[in-house]
Amino acid sequence: MWFLLFLISIFCATYAFSIRKRGIKKQYEWLIFDIVPIAYLAIVSVLLLYMFQYFAGLSHPRYIRSIYGSISLFLVIPLFFFGKKRAVLSGILVFFLSILVLVDTIYYRYFQTLIPIMALSFSRQIWDTRDSVADLIQLSDFWYVFSAIFGVMFGIIWPSKIKRQSNRAQFKVNLIISLIIFIGIIVAFVDVVLIKGDNWRVYSWDNQLQRYGIYNTHNIALFKDFKEWRELNDFDDRDYQIISNFLDQKLSLKHDVEIKPVAPKANLLLIQVESLQEWVIGTKVNGQEITPYLNKLADSGYYFPNIWDQTASSHTADGEYLVMNSQHPLNKGSVYFRRAENQFVSLPWLLSKHDYFTISAHGYKSSMWNRSVIYPVLGFKNIYFQDELGEEPKIGLGLSDIALSKKTINIIKDLNSPWMSFVITLTNHHPFDRLSEENRFIDVGRLSGSRLGNYIELVRYTDESIKILCEGLREKGKLDNTMVAIYGDHSAMLSFNYEIRKIAYELIDLRVNKIKMIAHRKWPIMKVPFILYHPKISEPLLVNTAGGQIDIAPTILYHLGFEKSRSMFGEPLLGQDSSIVKWDGSAANQWYMLKQDKEKSKCWDFDYNEVDMRHCEPLLDEYSEIEYSWSVTLHNLAMKLHLNP
């Protein structure tokens, strides 16, 4: 495909220079002169579409009509111009499309979605994580850059001093081209507006891309954004009552369980660990534990191994939002930006109403994810960021996790009970750069220097920082009546090739199938660990209940002896049968997963074997929770639900 792109570009350049040199003498040459810019734009648009599908590892779009329709939307712009203007507009569109597909390709490699328009609201965050972005760029992306540059050159080198000579044949050809393009626009409209069987809220990006291609998938997303915006004004008291009744039913559920609250009104040390996946807990590499201290806490407290990553496109911010508010993140854009004016009924806000002194500590900029604005609204009394904690010693994006732990100890040691401290680690952030020798606490053997090896070294480093924090607080007497809650903010989005997999089979004590799923980012391993520890826990528990990050705050509140807010969609994880749903409509319980594949939902077991759909039928009704949660966020209903039981 990239070779065809090169040939098309060379042909167009040669043709343009030829016309500039010898002019146009024959009637059929005028027809070619009018057609080439449109044809160039059409062919390059199709090639870019197929290049994206190839580089993203997706099959070709099934619906050729959708490709035809979406391409027609671009062709209509230069259609109304002739000569130099037509060529310039075609070149500009090629430049724009090349950059769009380049950005989409890079974005898709990490997030597995196309970049949403809402992402513009946090473009500064993208710049702050430019090292991660740079790491995602591959040599093959040069072809997008080549296409963009040649698009500009095409408009420049196209001859401009040739006097147009209209004739009937040209008129007929342009009329036929116009009819073809306008029919395509109608087809595109039908695809976007009248897609049968698609849920306008919950859908799979992979499914859309493999059905309609990149351009119409963007069109569909824009239409959904418009539909969402329009529906904001249609919300009424009846809609509110439906949501209220749904949450009342959740509150009325009585769970017959033996798990009692761990420590009523204990202090809370809540640690959000960057990119921590569940599979590292209890796992050894080269004969060494990846997370020896977290293993110790898990073995001494309550460990929840079936907590699913429910984040959307704003990974870390979504992880925070899920845990702090027990509500689903929006499918496009961060709530922290899109709804910064909301009244949040969050975990720190609720604890502050029970006389807790609340603080947060994070070794990075306060502007990241709009935290300087959001954290006071969430209920944090004292907030510590890079300006307060310092930038050195720095590892990766910001202050090293060990330095953060030491500084946090000095802050917490002077707090009076009860207090809540929210600590956010950062060192284990993509692109998982290799640690210096003095900061490595594990020998990963032949995995050294690989992406997987670097990730394991960083996780081990963060584990050490958590040990320093917790044991330092123990020495200060601050852990005696403190509940420690630790969770991963999102999955690591690791991927690695077959050569690294072969080494991993030998060095990592996991099943071969599980290592394969990690390498290919399969959904069964998209889990984050959740650990609850208190020094007075006498009977450690392994709680296999299926849950999500949305259930973490209700579980913490239960063990502190408090009721969750009526605005919270999660439930305390107390060993009962339960299920979770994610923003894209995928769902899971303790035994099976429901996930959309191609054009229909399929049921899978945790070894990623497809099973009979009847096993997942109870999960088909979970979608409504997503829409209700989004309505609460978009209409700022959390405080109303909390205050009006």
Side-chain angles (χ1 to χ4, degrees), residues 118 121 201 228-229 231-253 268 270 272 310-312 314 317-354 356 358 360 369-371 373-381 420 422 547-558 560 562-572 580-583 624-645:
M118 296 300 176
S121 65
R201 293 282 192 178
E228 177 186 285
W229 171 79
E231 288 177 351
L232 284 176
N233 298 321
D234 296 334
F235 193 85
D236 56 26
D237 290 340
R238 183 176 59 181
D239 297 314
Y240 172 81
Q241 196 58 49
I242 292 172
I243 296 171
S244 181
N245 292 340
F246 175 83
L247 291 169
D248 283 342
Q249 289 176 0
K250 276 183 167 284
L251 283 171
S252 66
L253 293 174
L268 173 63
L270 181 62
Q272 175 175 290
Q310 294 176 293
T311 60
S314 306
D318 289 347
E320 278 186 29
Y321 183 75
L322 278 153
V323 173
M324 291 297 150
N325 298 276
S326 188
Q327 292 170 8
H328 291 278
L330 299 175
N331 61 340
K332 294 183 287 294
S334 168
V335 175
Y336 283 3
F337 283 101
R338 293 185 61 187
R339 288 296 181 270
E341 72 283 357
N342 277 13
Q343 291 180 288
F344 299 101
V345 181
S346 65
L347 178 61
W349 186 86
L350 288 169
L351 291 180
S352 69
K353 299 304 175 184
H354 293 287
Y356 277 68
T358 56
S360 71
W369 296 120
N370 207 25
R371 286 180 173 123
V373 173
I374 289 295
Y375 276 20
V377 182
L378 290 179
F380 287 110
K381 182 68 175 177
M420 171 196 175
F422 180 44
Q549 292 152 313
I550 203 167
D551 300 308
I552 290 177
T555 304
I556 290 172
L557 287 167
Y558 172 82
L560 292 176
F562 304 123
E563 292 285 337
K564 71 167 188 171
S565 169
R566 188 164 170 265
S567 65
M568 291 181 164
F569 282 76
E571 297 184 60
I580 67 102
V581 64
K582 194 175 176 179
W583 66 273
S624 57
E625 180 180 303
I626 299 290
E627 292 206 21
Y628 295 154
S629 180
W630 286 348
S631 291
V632 170
T633 302
L634 293 171
H635 296 283
N636 194 16
L637 300 177
M639 191 62 71
K640 181 178 180 180
L641 287 164
H642 178 73
L643 296 176
N644 294 280

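Note that the structure is a prediction, hence the values are computed from the model and not measured.
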**Message:** Quick check: do L560 and Y356 have side-chain heavy atoms less than 4.5 Å from each other?
**Reply:** yes
**Message:** How close do S565 and H642 get, counting heavy atoms only, and between which atoms?
**Reply:** OG-ND1, 3.0 Å
Atom pairs and distances, donor-acceptor, side-chain atoms in residues 342-350, under 3.5 Å, two or more places apart:
| residue | atom | partner | partner atom | Å |
| --- | --- | --- | --- | --- |
| N342 | ND2 | T633 | O | 2.8 |
| S346 | OG | W349 | N | 3.3 |
| S346 | OG | L378 | O | 2.3 |

**Request:** Report the residues that fulfil side-chain hydrogen bond (donor to acceptor under 3.5 Å, both in side chains) with Q310, sequence neighbours left out, ordered by chain and then residue number.
**Result:** none
**Message:** With heavy-atom distances below 4.5 Å as the criterion, would you say the side chains of L634 and R338 are in contact?
**Reply:** yes
**Item:** CG on L322 to CD1 on I552, rounded to 0.5 Å
**Value:** 8.5 Å
**Request:** For the pair Y375 and Y336, name the ring-plane relationship: parallel under 30°, tilted 30 to 60°, perpendicular over 60°.
**Result:** perpendicular
**Fill in**
Which of T555, I556, L557, D551 passes side chain to side chain contact (heavy atoms under 4.5 Å, CB included) with K564? It is L557
**Item:** Sidechain-backbone polar pair: D318 side chain, A312 backbone, donor-acceptor under 3.5 Å
**Value:** yes
Donor-acceptor pairs under 3.5 Å, side chain of residues 238-246 to any protein atom, not counting sequence neighbours: which ones?
| residue | atom | partner | partner atom | Å |
| --- | --- | --- | --- | --- |
| D239 | OD2 | D236 | N | 3.1 |
| Q241 | NE2 | N245 | OD1 | 3.0 |
| S244 | OG | R566 | NH2 | 2.1 |
| N245 | ND2 | Q241 | O | 3.2 |

**Asked** Measuring from F235:CZ to H635:NE2, what's the distance to the nearest 0.5 Å?
**Response** 5.0 Å
**Asked** With a 4.5 Å heavy-atom cut-off, do I580 and I550 have their side chains touching?
**Response** no
**Message:** Could you measure the distance from the CG atom of L247 to the OH atom of Y628? Nearest 0.5 Å is fine.
**Reply:** 10.0 Å
**Request:** Quick one: pull up CD in E571 and OG in S326 and give me the separation to the nearest 0.5 Å.
**Result:** 9.0 Å
**Request:** Please check if the side chain of S629 supplies one atom and the backbone of H328 the other of a donor-acceptor pair under 3.5 Å.
**Result:** yes
**Item:** Euclidean distance, Q327 CD relative to E625 CD, rounded to 0.5 Å
**Value:** 10.5 Å
**Inter-residue atom distance W583.CH2 - L330.CG, 0.5 Å rounding** = 11.5 Å
**Message:** Looking at every non-hydrogen atom in both residues, tell me the closest pair between V373 and A340 and how far apart they are.
**Reply:** CG1-CB, 4.4 Å
**Complete:** In short, Y558 meets P572 closest at the heavy-atom pair CB-CB, 4.0 Å
**Request:** Please examine the side chains of M324 and F422, heavy atoms only from C-beta on, and report whether any two atoms are closer than 4.5 Å.
**Result:** yes
**Request:** Check A317 against S334 and note the closest heavy-atom contact, atom names and distance.
**Result:** CB-OG, 3.7 Å
